[in-house]
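Structure first, commentary second.
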Amino acid sequence: RFRSLEHGVTTQIDCETGMLQEIERLRQALRDIADPISAWRRDLAEGYVLDGAAAVRQSEQAETYRRMARVALGEPG
């Protein structure tokens, strides 16, 4: 836990909230890596349809998962 002398408890709560949000963001990234096709469907802009054959081919490529992991870690994809 982090506590600032200037902001006291507020900083501590903000830090804890930020950590919980980061944990949830990383958990979602793991779910997306585990099932990328569902993630791609979810993230499609309205009116677009996922090309199933292309999605399957993309999901068979190891680089797809490395890229998703790099993005989740905040590194260049």
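Not measured: the values here are computed from a predicted model. The chain is numbered in sequence order, starting from 1.
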*Taking atom OG1 of Thr64 and atom CD of Gln58, what is their separation to the nearest 0.5 Å?*
3.5 Å
*Decide whether Ile37 and Tyr48 are clustered together by the hydrophobic rule: side chain heavy atoms of Ile, Leu, Val, Met, Phe, Trp, Tyr closer than 4.5 Å, transitively.*
yes
*Would you kindly confirm whether Leu44 and Val49 end up in one hydrophobic cluster when ILVMFWY residues are joined by side chain heavy atoms under 4.5 Å apart?*
no
*State yes or no: do Leu26 and Leu20 share one hydrophobic cluster built from I, L, V, M, F, W and Y residues joined by side-chain heavy-atom distances below 4.5 Å, directly or via other members?*
no
*Indicate yes or no: at least one non-hydrogen side-chain atom of Arg25 is less than 4.5 angstrom from one of Glu22.*
yes
*Can you measure from CZ (Arg31) to CZ (Arg42) and round to the nearest 0.5 angstrom?*
8.5 Å
*Could you tell me whether a side-chain N or O of Tyr65 sits under 3.5 Å from a main-chain N or O of Ala34, the two making a donor and an acceptor?*
no
*Please assess Glu75 against Arg66 for the test salt bridge (Lys or Arg N to Asp or Glu O under 4.0 Å), listing each intermediate value before the final yes or no.*
CA-CA 11 Å; Glu75 299 172 2; Arg66 284 192 289 270; over 6 Å; no
*Locate the shortest heavy-atom distance separating Val56 from Ser59; write the atom from each residue and the value.*
O-OG, 2.7 Å
_Does Arg27 have more than 12 heavy atoms from other residues, nucleotides or ligands lying within 6.0 Å of its CZ?_
no
*Going hydrophobic residue to hydrophobic residue with side-chain gaps under 4.5 angstrom, can you get from Met68 over to Leu73?*
no
